[in-house]
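Chain naming here is simple, since letters A, B, ... match the order of the sequence lines and numbering starts at 1 in each. Note: hydrogens, waters and symmetry copies are ignored here, and every other heavy atom, side chains too, is used.
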Protein chains: 2
Amino acid sequence: MSMLEATLIGMSLRHGILGLLSIRPGSGYDLLNWFQETLANVWPATQSQLYGDLNKLASDGLIEVTSTGARGRKEYALTSAGREELHHWLVDVEPNRVRRNDMLLRVFFFSLLSRDEARALLERERAVFAEAGDGMRELEKSVDWTQGPLADNGRIALEWGLRYTKMQQEWADWALEQLDTER
Amino acid sequence: MSMLEATLIGMSLRHGILGLLSIRPGSGYDLLNWFQETLANVWPATQSQLYGDLNKLASDGLIEVTSTGARGRKEYALTSAGREELHHWLVDVEPNRVRRNDMLLRVFFFSLLSRDEARALLERERAVFAEAGDGMRELEKSVDWTQGPLADNGRIALEWGLRYTKMQQEWADWALEQLDTER
DNA sequence: CTGTACATGTAATACGTTACATGATTCA
DNA sequence: TGAATCATGTAACGTATTACATGTACAG
């Protein structure tokens with residue numbers, strides 16, 4: 001059991017950082033771009049939080065500054081403790097499955113709405129996820145899925161997104177039918 | 001446009017409270033139970049946060065204490081401002097669609113794992129969602145879906161859960177196949 | 001020489017969890 | 001009378017967002 005276990009449970013932004021740094025070293029600025037390019041859909045990161053967590057990871061000894069460059073650039077790399085912690089998190093830490101969904105919360109109070117208002121919400125839901133699905137199919141075409149370790153696995157995550165957006169649309173269609181048949 | 005709009009965007013626990021109080025008045029203790037019975041899967045609430053938010057809603061004039069009982073019990077009811085805010089949130093506020101998923105985050109770093117380690121994660125994922133789906137199908141049988149305004153809409157939310165858990169299992173199966181065919 | 005990109009940080013605020021803290025009422 | 005339930009609250013901490021703040025290097 002890692003000595004650092006207690007301090008790192010559930011802090012997934014930091015594990016995302018460790019994961020990206022396991023592929024290649026980089027600065028906070030690099031990491032921000034990599035997050036936006038690859039992990040944005042599963043774990044969005046803001047600039048502010050990223051820099052703070054980099055300093056925490058460094059002071060915990062999980063990453064270290066390996067070189068400094070122009071404009072105060074600090075290049076970070078994983079330490080061996082960081083690599084251990086990353087592996088530990090991947091295989092031993094139960095994923096957090098708590099989900100909050102404020103569309104579904106709204107659904108519970110549909111009785112307060114007119115049929116047209118409820119229909120508008122569901123149609124918007126269907127449209128938003130149809131568009132998200134289109135975006136993912138475009139991404140699927142535009143990325144070279146054979147290049148690099150992230151791409152290979154990214155395809156598996158993208159498949160989840162494709163299935164999720166499809167499910168959302170089908171559910172919204174089903175719910176729209178309920179609106180007509182019930183009541 | 002509501003004067004309170006700025007203060008209530010994104011605070012969905014409070015809207016969950018408003019929604020439950022729209023059905024019938026109740027105490028913090030009542031609300032805690034109602035959350036656990038009905039909304040737990042879409043918006044979990046802790047006792048601590050609930051009592052704090054009740055006081056905030058009351059000081060914002062969205063709910064009010066309508067009677068006090070034994071053991072310091074305070075029964076809350078919606079005010080007309082609260083009812084307005086609830087309707088406004090339902091129809092005018094764009095749902096927050098930001099999702100974080102630390103299983104998918106792990107997927108991006110599957111290259112760091114052996115095939116057996118990756119397989120174990122995906123099999124666990126499939127098992128967890130199979131069990132969750134079973135629980136939902138039991139719930140479906142045990143609840144009288146014709147009784148009360150929450151049940152009617154709860155069935156629509158449950159349908160989402162049934163489809164979501166099914167999708168997760170199918171995705172995990174697909175990903176397990178990829179593990180065998182690729183690499 | 002000017003704008004864009006590179007580069008890092010802090011402060012204020014909000015939301016959420018866990019643990020701590022206290023006490024009244026009811027029922028067996 | 002003791003245990004379970006009813007009932008409300010605070011404190012400490014962690015995570016996330018937005019806005020603020022500052023400055024360097026490079027390319028056209």
Side-chain angles (χ1 to χ4, degrees), chain A residues 4-17 25-37 39-40 42-60 63 65 67-76 93-94 96-102 105, chain B residues 4-17 25-37 39-40 42-60 63 65 67-76 93-94 96-102 105:
Chain A
L4 290 152
E5 181 177 21
T7 58
L8 274 176
I9 282 185
M11 308 176 186
S12 293
L13 176 57
R14 296 190 210 165
H15 290 105
I17 293 172
S27 65
Y29 192 85
D30 291 336
L31 284 160
L32 187 62
N33 288 324
W34 299 341
F35 261 94
Q36 280 159 5
E37 286 162 13
L39 306 182
V42 302
W43 208 275
T46 59
Q47 177 263 1
S48 194
Q49 204 189 351
L50 194 46
Y51 281 106
D53 279 356
L54 279 170
N55 284 321
K56 275 173 209 147
L57 285 168
S59 71
D60 285 349
I63 62 175
V65 177
S67 75
T68 53
R71 284 164 290 198
R73 183 176 196 272
K74 293 189 281 187
E75 190 165 88
Y76 292 99
V93 179
E94 189 68 18
N96 175 12
R97 298 195 170 89
V98 176
R99 301 274 178 264
R100 290 184 163 80
N101 186 323
D102 67 346
L105 185 57
Chain B
L4 290 153
E5 181 177 22
T7 57
L8 274 177
I9 281 185
M11 306 176 188
S12 292
L13 175 57
R14 297 193 209 165
H15 291 104
I17 294 171
S27 65
Y29 192 86
D30 291 336
L31 283 161
L32 188 61
N33 288 325
W34 299 343
F35 261 94
Q36 280 159 3
E37 286 162 13
L39 305 182
V42 303
W43 209 274
T46 60
Q47 177 262 3
S48 193
Q49 204 188 351
L50 194 48
Y51 282 106
D53 280 356
L54 278 170
N55 284 321
K56 277 174 208 144
L57 285 168
S59 70
D60 286 349
I63 63 176
V65 177
S67 75
T68 53
R71 284 164 291 200
R73 182 175 198 272
K74 293 189 280 187
E75 188 165 270
Y76 292 99
V93 177
E94 189 67 18
N96 175 13
R97 298 194 171 90
V98 175
R99 301 276 177 263
R100 290 185 163 79
N101 186 324
D102 67 346
L105 185 57

Could you state the atom-to-atom distance from [atom1] of [X] to [atom2] of [N] in whole Å?
{"X": "B/L31", "N": "D/dA7", "atom1": "CG", "atom2": "P", "value": "12 Å"}
{"X": "B/E75", "N": "D/dC6", "atom1": "CD", "atom2": "C1'", "value": "14 Å"}
{"X": "A/L32", "N": "C/dT8", "atom1": "CG", "atom2": "C1'", "value": "11 Å"}
{"X": "A/D53", "N": "D/dA16", "atom1": "CG", "atom2": "C1'", "value": "10 Å"}
{"X": "A/L50", "N": "D/dA16", "atom1": "CG", "atom2": "P", "value": "12 Å"}
{"X": "A/Q49", "N": "C/dT13", "atom1": "CD", "atom2": "P", "value": "19 Å"}
{"X": "B/K56", "N": "D/dG9", "atom1": "NZ", "atom2": "P", "value": "12 Å"}
{"X": "B/W34", "N": "D/dA7", "atom1": "CH2", "atom2": "P", "value": "11 Å"}

Original post:
Does the side chain of B/I17 reach to within under 4.5 Å of the side chain of B/F35, using non-hydrogen atoms?
Top reply: yes
Subject >> From B/L57 atom CG to B/H15 atom NE2, the distance as rounded to the nearest 0.5 Å >> reply: 8.5 Å
Original post:
So how far is it from B/L31 CG to B/Q36 CD, rounded to the nearest 0.5 Å?
Top reply: 11.0 Å
Among the nucleotides [options], which one has an atom lying closest to any side-chain atom of [X]?
{"X": "A/Y76", "options": "C/dT26, C/dG9, D/dG14", "answer": "C/dG9"}
{"X": "B/S27", "options": "C/dG16, D/dT17, D/dT8", "answer": "D/dT8"}
{"X": "A/Q47", "options": "C/dT17, D/dA19, D/dT15", "answer": "D/dA19"}
{"X": "A/S48", "options": "C/dG16, C/dA11, C/dA7", "answer": "C/dA11"}
{"X": "B/M11", "options": "C/dA14, C/dA7, C/dT17", "answer": "C/dA14"}

Original post:
Which is it for B/Y76 and B/V65 under the side chain to side chain contact (heavy atoms under 4.5 Å, CB included) test, yes or no, and what are the steps along the way?
Top reply: CA-CA 4 Å; B/Y76 292 99; B/V65 177; 3.6 Å; yes
So does [X] get a side-chain nitrogen or oxygen closer than 4.0 Å to the phosphate oxygens (OP1/OP2) of [N]?
{"X": "A/R73", "N": "C/dA5", "answer": "no"}
{"X": "A/Y51", "N": "C/dG9", "answer": "no"}
{"X": "B/R14", "N": "C/dC15", "answer": "yes"}
{"X": "B/K74", "N": "D/dG9", "answer": "yes"}
{"X": "B/Y29", "N": "D/dC6", "answer": "yes"}

**OP:** Starting from the C-alpha separation in whole Å, work towards a yes-or-no answer on side chain to side chain contact (heavy atoms under 4.5 Å, CB included) for B/L105 and B/R100.
**Re:** CA-CA 9 Å; B/L105 185 57; B/R100 290 185 163 79; over 6 Å; no
**OP:** Please tell me which of A/G72 and A/T46 maps to the more 5' nucleotide of DNA chain D, matching each residue to the nucleotide holding its nearest heavy atom.
**Re:** A/T46
Original post:
Closest nucleotide of DNA chain C for A/A70 versus for B/W43: which of these residues is on the 5' side?
Top reply: A/A70
